[in-house]
Amino acid sequence: MQAPLLPRQVELKRLGSGRHAYEGQVPVEALAGLEGAGERPGPVQASIMLDLSGSMPRVTGRCEGSIQLQCQRCLEPVDVALESEFELVVVDRASDADGLDEGQTWVEAPRGILDLARLAEEEMLLALPVVARHEIADCDGGQRHFGPPGEPQPERDNPFAALKALREKGSPSDE
């Protein structure tokens, strides 16, 4: 059974005062920006709560999904889980955000229309790792070994071993 879809947009003016909850899946087709960040993004599951009871509308929620990126150690594909929790103030225009307290984050809803799919996509983009990589146990770090399977990689000399020996020996100026 397929999960219910998150509404693409919500018109804030049509909603009454109070809290309004939305939960569902954002289809991959609505995640064009996330597709540009990696290959094969999975669907995003979102849970969003709109609070229209105060002077300024607020939106809180949680999004989670996954995407396949390129590991920066071994350059092989790696599946990355994405999670984001957010609390935002909804403004009609970006200039309306000038009056907000420092540190308050906001989302723009032009003409009172909040794009929930775009909001979820932007939160997933913000959740992308700075450097995508496998866990150390799952990644050879780009070190290729072309010997028979099961044979350990050859040991390499530490290029800093000579410096360590000199430091441990001490220099003549230390005496």
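The model shown is predicted, which means the values in this text are computed figures rather than measured ones.
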Could you walk me through whether Met49 and Arg19 pass the side chain to side chain contact (heavy atoms under 4.5 Å, CB included) test, one step at a time? CA-CA 7 Å; Met49 172 77 71; Arg19 294 177 184 233; 3.7 Å; yes
Stepwise, does the side chain to side chain contact (heavy atoms under 4.5 Å, CB included) test hold for Leu52 with His20? CA-CA 8 Å; Leu52 303 176; His20 306 275; 3.8 Å; yes
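Contact annotation: the side chain of Leu50 never approaches that of Thr60 to less than 4.5 Å [non-hydrogen atoms, C-beta and beyond]. Between Asp79 and Ser66, every side-chain heavy-atom pair lies at or beyond the 4.5 Å cut-off. A 4.5 Å side-chain heavy-atom check between Val80 and Arg133 finds every atom pair outside the cut-off. Annotation: side chain of Leu69 is in contact with side chain of Pro129 (closest heavy-atom distance under 4.5 Å).
Take Arg111 and apply the salt bridge (charged side-chain N to carboxylate O under 4.0 Å, His left out) test, not counting sequence neighbours, and it matches no residue. In this structure, the side chain to side chain donor-acceptor pair (under 3.5 Å) partners of Ser53, at least two apart in sequence or on a different chain, are Asp51. A search for salt bridge (charged side-chain N to carboxylate O under 4.0 Å, His left out) contacts involving Arg8 returns nothing, not counting sequence neighbours. For Pro77, the side chain to side chain contact (heavy atoms under 4.5 Å, CB included) partners two or more places apart in sequence, or in a different chain, are Gln68. In this structure, the side chain to side chain donor-acceptor pair (under 3.5 Å) partners of Arg118, at least two apart in sequence or on a different chain, are Glu122.
Interatomic distance, CG of Leu5 versus CD of Glu23, reported as 13.0 Å (0.5 Å rounding). Taken to the nearest 0.5 Å, the SG atom of Cys63 stands 11.0 Å off from the CD atom of Glu121. Expressed to the nearest 0.5 Å, how far CD of Glu85 lies from CZ of Arg62 amounts to 5.0 Å. Here the CG atom belonging to Leu119 is positioned 8.5 Å from the OG atom belonging to Ser84, to the nearest 0.5 angstrom. Taking CD1 from Ile48 and CG from Leu116, the interatomic distance works out to 4.5 Å, rounded to the nearest 0.5 Å. Ile113 contributes atom CD1, which lies 9.0 Å from atom CZ of Arg14 (distance to the nearest 0.5 angstrom).
Other cluster members for Leu163: Phe160, joined by side-chain heavy-atom distances under 4.5 Å among Ile, Leu, Val, Met, Phe, Trp and Tyr.
With hydrogens and angles ignored, the 3.5 Å screen pairs a side-chain donor or acceptor of Gln72 with a backbone N or O of Gln70. At least one donor-acceptor pair closer than 3.5 Å links the side chain of Arg73 to the backbone N or O of His134.
The heavy-atom pair separating Ala127 from Glu83 by the smallest distance is CB-O, 3.4 Å.
When the side chains of ILVMFWY residues are joined at heavy-atom separations under 4.5 Å, either directly or via intervening members, Phe86 and Leu82 end up in a single hydrophobic cluster.
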